[in-house]
Participant: 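Dropping a structure here in structure tokens format, bear with me for questions.
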Amino acid sequence: MRMSRMFLHTLKEVPQEAEIPSHILMIRSGMLMKVASGIYDYLPLAWRAIRKAEQIVREEMDAAGGQELLMPAITPAELWVESGRWEVMGENMFRLKDRHKRDFGLGMTHEEIITDIVRRSVRSYRELPLILYQIQTKFRDEPRPRGGINRAREFIMKDMYSFHISWEDLDVTYKAMYRAYSNVFLRAGLDFKVVEADSGTMGGDECHEFMLPSESGEDTMFLCGKCGYSANSEMARFHYQKPDDLPPHGDPIVEIDTPGVSTIDDLVKFLKRKPSDFIKCLIYRVDGELVAALVRGDRDLNETKLRKALGAKEVELATPREIEKATGGPLGFSGPVGLKGIKIIADYEIQELRNAAVGANKADTHIINVSFGRDFEVDELAELRQAVEGDCCPRCHEKMTAERGIELGHIFKLGTKYSDSMKATYLDEKGEDHPIIMGCYGIGVTRIISAAIEKGHDKDGIIWPMSLAPYHVVVMPVVSSNEDQASGAEKLYRDLLERGIETVLDDRDLRPGVKFKDADLLGFPIRAMVGERAIEQGGVEIKIRGGEKPEMVPADKAADYIVDYIKKELDRLNGLRTAQEKEEEYVRVG
RNA sequence: CGGGGCGUAGCGCAGUCUGGUAGCGCAUCUGCUUUGGGAGCAGGGGGUCGGAGGUUCAAGUCCUCUCGCCCCGACCA
């Protein structure tokens, strides 16, 4: 590609819409253009990188026994109604009607569609296991798109689904996917971590997230440096040690006026006490029933833990009216003292509290000097609070660290959630009917690109891993109007093209500085320069993006040098993959 | 959905408080000079000031409504 003909518009200034490095650089480098919030044009350079990521994913999925297909993006409501997710997906789903007023949703994930395919075709246990996947544009009307293509409303995703006769068989594929996912990210040069996660509205059992540690990430993960325990913030448990002796109960409880003071922040100022001296009393609707959940004032309640502790399907904060009905007081003044007719569940820490302040279940009133066990009891103690940095590992009791991360992929054991509701069954050897056991596995393909830039950049621009770079090398005559330089560069350019190297020739008649800046911004892994110095010495200056000083290579060896370097670098990334494969045994399906 | 901020040329911004002929930098076009890290000079083009209504002799500026975008939070297959 000649840069004089390339559709490329780089920006010198930081676009006002962008905040995180990958978003800024994708716009500045002319890869990305916003069409609407969370909706982007992928311009030629971005598209080349995306296609490379896709290809890596495709190769690894095929190697792990997957078969690629393509499902529609426009999906009929009936299928979603069958699984119950037409409601569950709520406003996250883009919806439309056809001319006959029939309801459709734009695909945000395809469990329903694939389950429909399988139930209409698979009859026998002999056809299982089966692994199908697609790489396709997904649509999600995110409440808040952010970070450019990191969290977009339209994005490219690989979604894979597996079908089994048993949980044991699902395990085999799950492990194979775990490995295939690791391979994908290693080849993309991404140093990922795997964490336990909650399956949320996907339903199902075990699941893992593949995370790229990054400041720009939206998720927090908890990691134990000693035993390797890792979990996302939703799932992260911790070791709770009850103190051996607690201070004695203090003065008797007293009601005090707290006019209009209802948040912990305001109470801290009003009563001049620490946040940890308060008890947060949250009223939840748990599968239709109201429950009071207690955590210390400085803690956040983890709804996933609450849901699990109560063995419930759904937990949601109660409405102000429900709170009033349950406690007799308005929102912001709930407390456990004297609270009757409602189940109370508390975080373990609550039992340590003495002389705490709580809501009095009436307007503008709080109670102080409250002690657990003396002034109130609870129905149940459980781990309800969110883990924080410094909590101890639930397995080995070592201190854990917290780190931000970008979710690159997610694998789930679904079980029979969809096969039950949509009646996808197979016949076993005895001719008996059973629901098919399912797994599902997603990778954010476009997110691989933003993540790679998030990790691979410096003050001058992008530093692509060889495996994702839109082009491997830029050949640059330093002064295009100089005939020797132009013809030297042209020759190298043609040599490289002939040898199948993805090359651009910066033949634009611009000042050298502009071309250098663009080359750095666009992040080509290799820059081959033919300038005055090179011509004098009969060589080509070769500079590795992100590397040290350029190296002068004899002109007749330059193409070899570049070809070798690219091969070595791609081999290195592939080598990470095979090296890790040897470390662990795993079973490959297919 | 709650809180905060912003919409003025393709991009980045000033002008809005205090109403009076719409500006700057970058980009772009023409010419000349220049050429190893975002050149210089000269000349040119480009705007329904997000939209609608109102106040006023006069609105980018004041008032009302509305749309869009960004950030924090809630949410997140």
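Residue numbers start from 1 in every chain, and the chains themselves are labelled A, B, ... in the order their sequence lines are given, proteins ahead of strands. Hydrogens, waters and symmetry mates play no part in the numbers below; they use all other heavy atoms, side chains included.
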Participant: Main chain of A/R385, side chain of A/K305: is a donor-acceptor contact present, judged purely on distance under 3.5 Å?
Facilitator: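 Pair found, side chain donor or acceptor close to backbone of A/R385.
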
Participant: Polar-atom pairs under 3.5 Å, protein N or O versus N or O of nucleotides 70-74 of chain B: list them with distances, or write none.
Facilitator:
| unit_1 | atom_1 | unit_2 | atom_2 | d |
| --- | --- | --- | --- | --- |
| B/C70 | OP2 | A/S37 | OG | 2.9 |
| B/C72 | OP2 | A/R144 | NH1 | 2.9 |
| B/C72 | OP2 | A/R144 | NH2 | 2.7 |

Participant: Can you confirm if the aromatic rings of A/F210 and A/H208 lie within a centre distance of less than 6.0 Å?
Facilitator: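 Between A/F210 and A/H208, which both carry aromatic rings, the centre distance is not below 6.0 Å.
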
Participant: Salt bridge or not for A/R508 and A/D518, using N-O below 4.0 Å?
Facilitator: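 Salt bridge present between A/R508 and A/D518.
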
Participant: For A/D141 and B/C75, give me the distance from atom CG to atom C1', rounded to whole Å.
Facilitator: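 About 12 Å, once rounded to whole Å.
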
Participant: Is it the case that A/D507 and A/S4 place a side-chain donor and acceptor less than 3.5 Å from each other?
Facilitator: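 Their side chains do contain a donor-acceptor pair, which is all the 3.5 Å distance test asks for.
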
Participant: Between B/C67 and B/G45, how far is it from one C1' atom to the other, in whole Å?
Facilitator: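 Each nucleotide's C1' atom is 31 Å from the other's.
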
Participant: Please verify the inter-ring angle class for A/F139 with A/F94; under 30° counts as parallel, over 60° as perpendicular, anything in between as tilted.
Facilitator: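 Answer is perpendicular, since the angle exceeds 60°.
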
Participant: Can A/Y161 and A/D159 be counted as having a side-chain donor-acceptor contact under 3.5 angstrom?
Facilitator: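 Looking only at side-chain atoms, A/D159 and A/Y161 do form a donor-acceptor pair, the distance falling under 3.5 Å.
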
Participant: What string of B, S and - do you get for nucleotides 25-38 of chain B, 5' to 3', if B is base contact, S is sugar-phosphate-only contact and - is no contact with any protein heavy atom under 4.0 Å?
Facilitator: BS-------BBBBB

Participant: Would you mind pulling out the nucleotide paired to B/G25, Watson-Crick or G-U wobble, both distances under 3.5 Å?
Facilitator: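 B/G25 is paired with B/C11.
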
Participant: Would you indicate what A/Y441 reaches in the nucleic acid, counting non-hydrogen atoms under 4.0 angstrom: base, sugar-phosphate, or nothing?
Facilitator: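 Counting heavy atoms under 4.0 Å across all strands, no contact is made by A/Y441.
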
Participant: Provide the distance between the two P atoms, one in B/U48 and one in B/G2, to the nearest whole Å.
Facilitator: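 Here B/U48 and B/G2 have their P atoms 33 Å from each other.
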
Participant: Who is the Watson-Crick or G-U wobble partner of B/U56, with both distances under 3.5 Å?
Facilitator: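 B/U56 is paired with nothing.
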
Participant: Side chains of A/S480 and A/D509 only: does a donor on one sit below 3.5 Å from an acceptor on the other?
Facilitator: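 Result is no, nothing qualifies.
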
Participant: Could you pull out all residues at least two apart from A/R146 that satisfy salt bridge (Lys or Arg N to Asp or Glu O under 4.0 Å)?
Facilitator: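 Only A/E218 meet the salt bridge (Lys or Arg N to Asp or Glu O under 4.0 Å) criterion with A/R146.
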
